[in-house]
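Report on the structure given below.
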Amino acid sequence: SSSSSNSRSRDGAAKKAGSSTKNRKEKKDGKNKKKRGATESPAQPDSGSGTSDNHHFTLAICLALAWYGHKTYCSMQLENMRLFSLLTEVERETSFASEQVWYYGFYKKVNSGLAAGDGYTQVVRGLMHENTTEFPTTINALERFNVWPEVVVGCLHHWFLLANQWLDPSAKADTCYGTCECFTFDAEDTNERLSTCTGLGQPVYFYLECIWQLAGLHAAALFYLCYQLGGGNLDCGVAGIIAMAFNHMHMCRYQRGPPLRESFAFPFFVLQLALVVSALRHRAVHSFDAWMLSVVTFCFSISWQLAQFALLTQSTAVFAVYLLGYIPSRLHNTLQGSVVAGYVPTIVLMMGNMFSINALLLQFAASAMVGAAVAGDGRSLLARVLVGAAVVVCTGALRVAVAAATGAGADGGHITQLLAANMGMAEHDFHTKLYACAPEFLPMTEEYGDLSRTLLLPVAVLVAARVLYLVGADGVAGEKAERRAKPEHVYMVLQTAWFTLMAGLFMRLKLFWVSAVIAVASVVASKEFVCGGLVGRSEEKAVPHGALLVALLAASAFVGWGNFYQGFVFEDQWEGGTMVDLVEWAQASTAPDEAFAGPMPITSLVWGSANRPIVNHPHYETTQMRDITVQVYSTHSRLEDKDVWELFRNLSTTYVILDRDLCAFRWKRGDDPRFKGCGLTQVFDKIVMPERGKSRLPFCKRWGDNLDAERNMRLFDQVFSNEQFTVLKVLKPGGRRIKAQFKKRKQRREDP
């Protein structure tokens, strides 16, 4: 008995010693993890992590297929819609509408500068002292505009040509060193012999190829986002790509407007969403993950001036997940800090752009991180509500202080005014009316029905409802109960709610909304999400989840397949002969230092394609440019010729472009009530100059329709005219027209 007792004592001591050794080892491992830079909290079991080599290989194959498929689909659509390969260089540039050709013009500047032998420093210095976009003012284009993508792509194209020249020294420059193919063909309408070139050596094709690669990144990132939301389930990624194909017309504009800022920026934002969701899913952000999140955030914010607003919604959604108790303060602050760390270099590269410095994102993220650090974890519901209120108050105080210190509030005031006007809280002024009368800045209407017919929206609503139900159940169960809702699902539903509000106000932002809706709806492919909590573990296998998915896919394909197939078979031909005529005339008949003014889409074309100075442009983010735009658009007012002439003389303008379609308001959609009062003459009559006599015809009508009786021929001279455009030369004081021109025009008027 004594021997047995001693034996048990020795065994007990050995067990305690082993337990103590194990505890010390676990503590040591925990310290090593913290040293490696991991921010962790206890994680729930992850049933769908898929850590096998075969799983990772399959994931890589799926990502590559999504990338290649979307890249090919978008490039094919552009070719089908415009017969892009059969357009001349000028026609290709004029097919980029409005701000697209304006941004493309910066790429041409970089490309031509490097091709001419200018050094990289000289090219960048030229952009920093740019005097042709707001003639005669010299501005820093890198500080004012998000044109760093064009700088990077221009350098890449230059290096591409140098590499091909080095690989094949015998290749000639006229064939882009063997990277392009040139051919001639007959134009159908004029039978004129035209020549054009295709291939990556051509600047426009290399530019587009970069955009197609980013379009591929968009699809791959969306697949990865859905995969992470589904708990590492490949089925969720596949479901997301299928939904993307069925609703492609509403989720991107790569094929319609390749040079748009969103084409460069949005793929990085989708990837950034996937990284945030991955961190929430694993309840950890390692050092490499935080670094990647910052890099992707930087790529997004440097490419688009609207990035700060999307990142603000993300910051508020992550903070809300923390307040609901689903993530610890340490993880919250790491995510917020990584986003801010990625945004700050944007301010540096844009050389202190005031619009970026005054971003509400920085003020809210700073307040949220301080609030979370002070409040910590495990607080009661009332305490968390107080923390949220304190963060909002602190953000408002910082907003006022930063705006007062930088004086940048006035530049972004038109956005606040536009939001208030769209929500019926304020009256429209001239600037907000320009936005509100553009179709892409109107609230969504048809999109809700289109997404419902493919069952995307109903499925997303059901998934969101289940997530909110689980959040409510967690709240009722109390703090100590096990959480049923997953933080990545809660975050994505909150993020989608923000995007729903954004797209509901401005249709242009629907690309955020549709991608988020696809991600939320893809969770339906996760059997764990659909069946978890509804049936017991023993009964879960009996649920025919696969059959339900097949039925859902079949019902969705009834309409969705037709949408997808339409992208393959739709064919059209670009027609812009009047714009080509204008550009070719400007190149041949005007001096390089003579400035143009007119409608923003047309001046963009003249600057980007004809390389002529312009007075106004589509980048509408400064008070000075908005004031200049009002003066330029006074051609649609009822001012006398002398008043208009004095305005353009003060702006150092040589030529004024009049667009007959814009003057006659023929470019809107018929009698759509949404565009009521959108004619520019109506805007001037009601908002800008209501006291002016309405008996006088608008300036653009008097000169565009050649009503000689009401024109002062000593102030302007008509130097170009076609079916759409009229160009007037602003004569110098006391200037007279040449008699031969006067007689010729008089004979033309008298000749029936």
Item to check | side chain to side chain contact (heavy atoms under 4.5 Å, CB included) assessment of Arg466 paired with His489 | outcome: CA-CA 10 Å; Arg466 172 151 173 73; His489 295 163; over 6 Å; no
[X] vs [Y] side-chain heavy atoms within contact, under 4.5 Å:
X	Y	value
Leu511	Cys252	no
Asn80	Gln77	no
Ile327	Leu280	yes
Val520	Val467	no
Arg253	Gln100	no
Val340	Tyr343	no

Do [X] side-chain atoms and [Y] backbone N/O form a donor-acceptor pair below 3.5 Å?
X	Y	result
Ser278	Ala274	no
Asp377	Pro328	no
Thr72	Tyr68	yes
Thr58	Asn54	yes
His70	Ala215	yes
Arg82	Arg256	yes
Arg384	Leu323	yes
Ser526	Val523	no

Under 3.5 Å, is there a donor-acceptor pair between the [X] and [Y] side chains?
X	Y	result
Gln308	Ser301	no
Thr198	Glu181	no
Trp212	Ser75	no
Trp67	Gln213	yes
Trp498	Thr316	yes
Tyr224	Gln228	yes
Asn333	Tyr322	no

Sequence neighbours left out, cut at 3.5 Å: what donor-acceptor pairs do the side chains of residues 553-566 make with other protein atoms?
unit_1, atom_1, unit_2, atom_2, d
Ser556, OG, Thr454, O, 2.7
Asn563, ND2, Phe246, O, 3.2

Could you tabulate the donor-acceptor pairs under 3.5 Å formed by side-chain atoms of residues 158-167, not counting sequence neighbours?
unit_1, atom_1, unit_2, atom_2, d
Trp159, NE1, Tyr120, OH, 2.5
Asn164, ND2, Phe160, O, 2.7

Checklist entry - How long is the span from the NZ atom in Lys71 to the CD1 atom in Ile211, to the nearest 0.5 Å? => result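 Reported to 0.5 Å precision, the distance equals 13.0 Å.
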Next on the checklist: Rounded to the nearest 0.5 Å, what separates atom NE2 in His332 from atom CE in Met369?
Outcome noted: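 Nearest 0.5 Å value for the NE2-CE distance: 8.0 Å.
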Next on the checklist: Is the distance between the ring centroids of Tyr227 and His55 under 6.0 Å?
Outcome noted: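 Ring centres of Tyr227 and His55 closer than 6.0 Å.
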Checklist entry - Do the ring centers of Tyr207 and Tyr104 come within less than 6.0 Å of each other? => result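 Centroid separation for Tyr207 and Tyr104: below 6.0 Å.
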Item to check | salt_bridge(Glu150, Arg261) N-O dist < 4.0 Å | outcome: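 Answer for the salt bridge query: yes.
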Item to check | Side-chain ion pair, Glu488 and Arg281, N-O less than 4.0 Å | outcome: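 Answer for the salt bridge query: no.
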Checklist entry - Where is the tightest heavy-atom contact between Leu457 and Ser452, given as atom of each residue plus distance? => result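 Residues Leu457 and Ser452, closest heavy atoms: CD2-OG, 3.7 Å.
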Next on the checklist: Can you give me the closest heavy-atom contact between Val147 and Tyr103, atom names plus distance?
Outcome noted: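 Scanning both residues, the minimum pair turns out to be CG1-CD2, 3.9 Å.
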Next on the checklist: side chain to side chain contact (heavy atoms under 4.5 Å, CB included), that's the test. Do Tyr326 and Lys486 meet it? Break it down for me.
Outcome noted: CA-CA 8 Å; Tyr326 286 97; Lys486 296 184 177 181; over 6 Å; no
Checklist entry - Just one of Phe298, Phe264, Phe300, Phe309 clears the ring-ring contact (aromatic ring centres under 6.0 Å, His included) bar with Phe269, so which one? => result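 Result: among Phe298, Phe264, Phe300, Phe309, Phe300 is the only option passing the ring-ring contact (aromatic ring centres under 6.0 Å, His included) with Phe269.
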Checklist entry - Which of these, Tyr254, Trp304, Phe512, sits in a ring-ring contact (aromatic ring centres under 6.0 Å, His included) with Phe266? => result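 Filter result, single survivor: Phe512.
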Checklist entry - Is the number of heavy atoms from other residues, nucleotides or ligands within 6.0 Å of OH (Tyr448) greater than 12? => result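 Atom OH in Tyr448 is crowded, with more than 12 foreign heavy atoms closer than 6.0 Å.
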